Amino acid sequence: MTPVSPESRISLVTLLLAADFAVLPTSVVAGPAGTDTRNYIARTESGHHWFVKTYTPDTDLAKAEDAAALSEHARVCGVPVAPALYTANGNRLIARHPWLAMSVTRFIPDAVTADGRLTGRRWEAVGEAVGRLHRGFARHGFGPPLLGPRDRSVDLARSKARLEGLLSWYEAAPPATAFERWAVATTHEKLARLPEVERLLEKVPRAMVSQLVHGDLSGPNVLLKDDAVAALIDFHPPVRRSPVWELGRLALDPRTVLTQPDWPDGLGRLAAGYHHRHPTVGAEELVSLVRLTAAALASSVYPLNTVASGLGPDTPSLEAYARSRHQAAAVLRERLDEAEETLRDRLG
């Protein structure tokens with residue numbers, strides 16, 4: 001795709017909404033920012049609101065189309081998602097032009113994201129929605145659930161190499177900011193704790209279910225309205241991973257762990273709702289959810305490597321996020337026995 005100036009983009013979005021999706025907007029305004037997309041909210045005379053996602057020139061549009069199709073498959077399976085519009089010829093979910101590519105889904109007004117907001121009956125609602133998602137994906141043509149080695153989210157040899165590599169980078173280019181100095185100290189701490197992480201993993205089943213999953217199921221990609229799940233959004237292209245890995249990323253978001261003191265009880269209710277919908281994932285795997293997530297957070301080099309790897313600048317939000325992940329890993333270890341006992345009670 002040819003790069004388009006910001007000044008021209010809204011005009012193009014307005015034009016392509018009409019030409020490709022038969023949507024005649026009365027207004028188009030900038031929407032919530034995406035990691036790799038520029039997003040807009042379009043309003044029509046009838047009062048409908050549409051979420052327009054435009055893609056960067058380096059986007060693999062074939063994979064983006066596959067991701068959009070996965071969301072539509074989830075909708076057919078009864079999972080709450082933002083319904084998509086097909087192009088006017090009915091063939092694609094992404095309209096492609098040399099100057100712009102974009103997709104259109106129903107905008108969900110008055111919704112909040114789940115990061116740090118799992119409270120009350122939302123725990124059960126999220127568990128049942130994700131259980132329904134994974135059950136539906138288990139019947140997808142991608143392939144059925146399989147029992148095999150546990151998820152690659154925790155690979156201690158790889159983690160050790162990456163952590164040591166980060167220290168080597170900072171030896172050659174000494175840390176220049178407070179965040180970078182904290183990152184170096186935290187990297188040393190993570191390396192020292194790897195034997196403890198290895199002991200954590202001893203009680204994680206060596207064989208676990210893998211299947212087609214959402215791929216990026218985290219708090220910002222779950223929209224809530226009151227106590228219900230309004231939509232799961234931003235699916236990734238089809239990938240086989242552990243459902244427990246995916247569930248842990250969502251349910252044990254650091255913001256939830258650090259702001260909701262009753263998270264072990266909520267997690268137990270979420271896991272029970274999930275297991276009711278998708279019993280293919282066994283109770284023992286679900287009990288290991290806290291242990292596996294704690295190990296993943298404790299051994300991960302991300303986001304300590306953000307500056308060194310050129311992934312982004314040193315910002316207050318980056319530092320806050322990095323510190324919250326580190327603190328959440330400690331809380332998960334401290335409350336592990338309590339959380340696992342609650343999970344066993346809820347899962348029977």
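Small disclaimer: the values here were computed from a predicted structure and weren't measured.
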For atom [atom1] of [X], decide whether the heavy atoms of other residues, nucleotides or ligands shown that lie under 6.0 angstrom number more than 12.
X	atom1	result
K225	NZ	yes
D345	CG	yes
E198	CD	no
R181	CZ	yes

Side-chain contact, heavy-atom cut-off 4.5 Å: [X] with [Y]?
X	Y	answer
V301	T187	no
R162	N305	no
L223	L232	no
I233	S71	no
V52	L16	no
Y170	V307	yes
F137	V79	no
P25	W50	no

Residues [X], [Y]: salt bridge by 4.0 Å N-O rule:
X	Y	answer
R323	E319	yes
E340	R291	yes
K53	D234	yes
E196	R333	yes
R75	E72	yes

Any donor-acceptor pair under 3.5 Å from [X] side chain to [Y] backbone:
X	Y	answer
K63	H236	no
Q211	P243	no
D262	D265	no
D60	A62	yes
T59	T56	yes
S242	V244	yes
D20	T87	no
R346	G273	no
S218	R249	no
S300	L297	no

Have a look at [X] and tell me which of [options] forms a side chain to side chain contact (heavy atoms under 4.5 Å, CB included) with it.
X	options	value
V290	L252, V257, D337	L252
R240	V213, L146, D151	L146
L212	V239, L70, L133	L70
Y40	V29, L17, T54	T54

Please give me the minimum heavy-atom distance between [X] and [Y], naming the atom from each residue.
X	Y	answer
E285	A207	OE2-O, 4.4 Å
T259	G116	OG1-O, 3.8 Å
T342	G268	CG2-CA, 4.3 Å
L343	V287	CD1-O, 3.7 Å
A298	V197	CB-CG2, 3.8 Å
Y86	F21	O-CD2, 3.6 Å

May I ask whether [X] and [Y] are part of the same hydrophobic cluster, defined by side-chain heavy atoms of I, L, V, M, F, W, Y residues being less than 4.5 angstrom apart, directly or through others?
X	Y	value
Y302	V154	no
L292	V331	yes
F51	I94	no
L118	Y321	no

For this session: Output, in order, the C-alpha distance, side-chain angles, deciding distance and verdict of side-chain contact (heavy atoms from CB on, under 4.5 Å) for H48 and V23.
Result: CA-CA 10 Å; H48 289 132; V23 171; over 6 Å; no
For this session: Evaluate the side-chain contact (heavy atoms from CB on, under 4.5 Å) criterion for residues M208 and S288: first the C-alpha distance (whole Å), next the side-chain angles of each, then the deciding distance (0.1 Å), finally the verdict.
Result: CA-CA 10 Å; M208 301 182 73; S288 74; 4.0 Å; yes
For this session: Show your reasoning for whether side-chain contact (heavy atoms from CB on, under 4.5 Å) applies to T177 and W182.
Result: CA-CA 9 Å; T177 67; W182 176 81; over 6 Å; no
For this session: Kindly indicate, with the supporting measurements, whether the criterion salt bridge (Lys or Arg N to Asp or Glu O under 4.0 Å) is fulfilled by R335 and E338.
Result: CA-CA 5 Å; R335 302 186 70 180; E338 172 195 356; 3.0 Å; yes
[X] side, atom [atom1]; [Y] side, atom [atom2] - distance, nearest 0.5 Å:
X	Y	atom1	atom2	answer
L191	T186	CG	OG1	11.0 Å
R241	S153	CZ	OG	6.0 Å
L267	L247	CG	CG	7.5 Å
H73	F235	NE2	CZ	10.0 Å
S324	D253	OG	CG	7.5 Å
R38	I10	CZ	CD1	11.0 Å

Pair up each side-chain donor or acceptor in residues 101-113 with any protein partner under 3.5 Å, not counting sequence neighbours, and list the distances.
unit_1, atom_1, unit_2, atom_2, d
S103, OG, Y55, OH, 3.0
T113, OG1, D115, OD1, 2.4
T113, OG1, R117, NH1, 3.0

Exercise. Should H214 and N221 be marked as a side-chain hydrogen bond (donor to acceptor under 3.5 Å, both in side chains) after you check the CA-CA gap, both sets of side-chain angles, and the distance that decides it?
Worked result: CA-CA 10 Å; H214 176 288; N221 290 337; 5.0 Å; no
For this session: Could you point out which residue of E128, H134, R135 forms a side chain to side chain donor-acceptor pair (under 3.5 Å) with Y274?
Result: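 Exactly one option meets the side chain to side chain donor-acceptor pair (under 3.5 Å) with Y274, and it is H134.
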Problem set entry | side-chain contact (heavy atoms from CB on, under 4.5 Å) between L200 and L336, intermediate numbers included | CA-CA 10 Å; L200 276 177; L336 177 62; 3.5 Å; yes
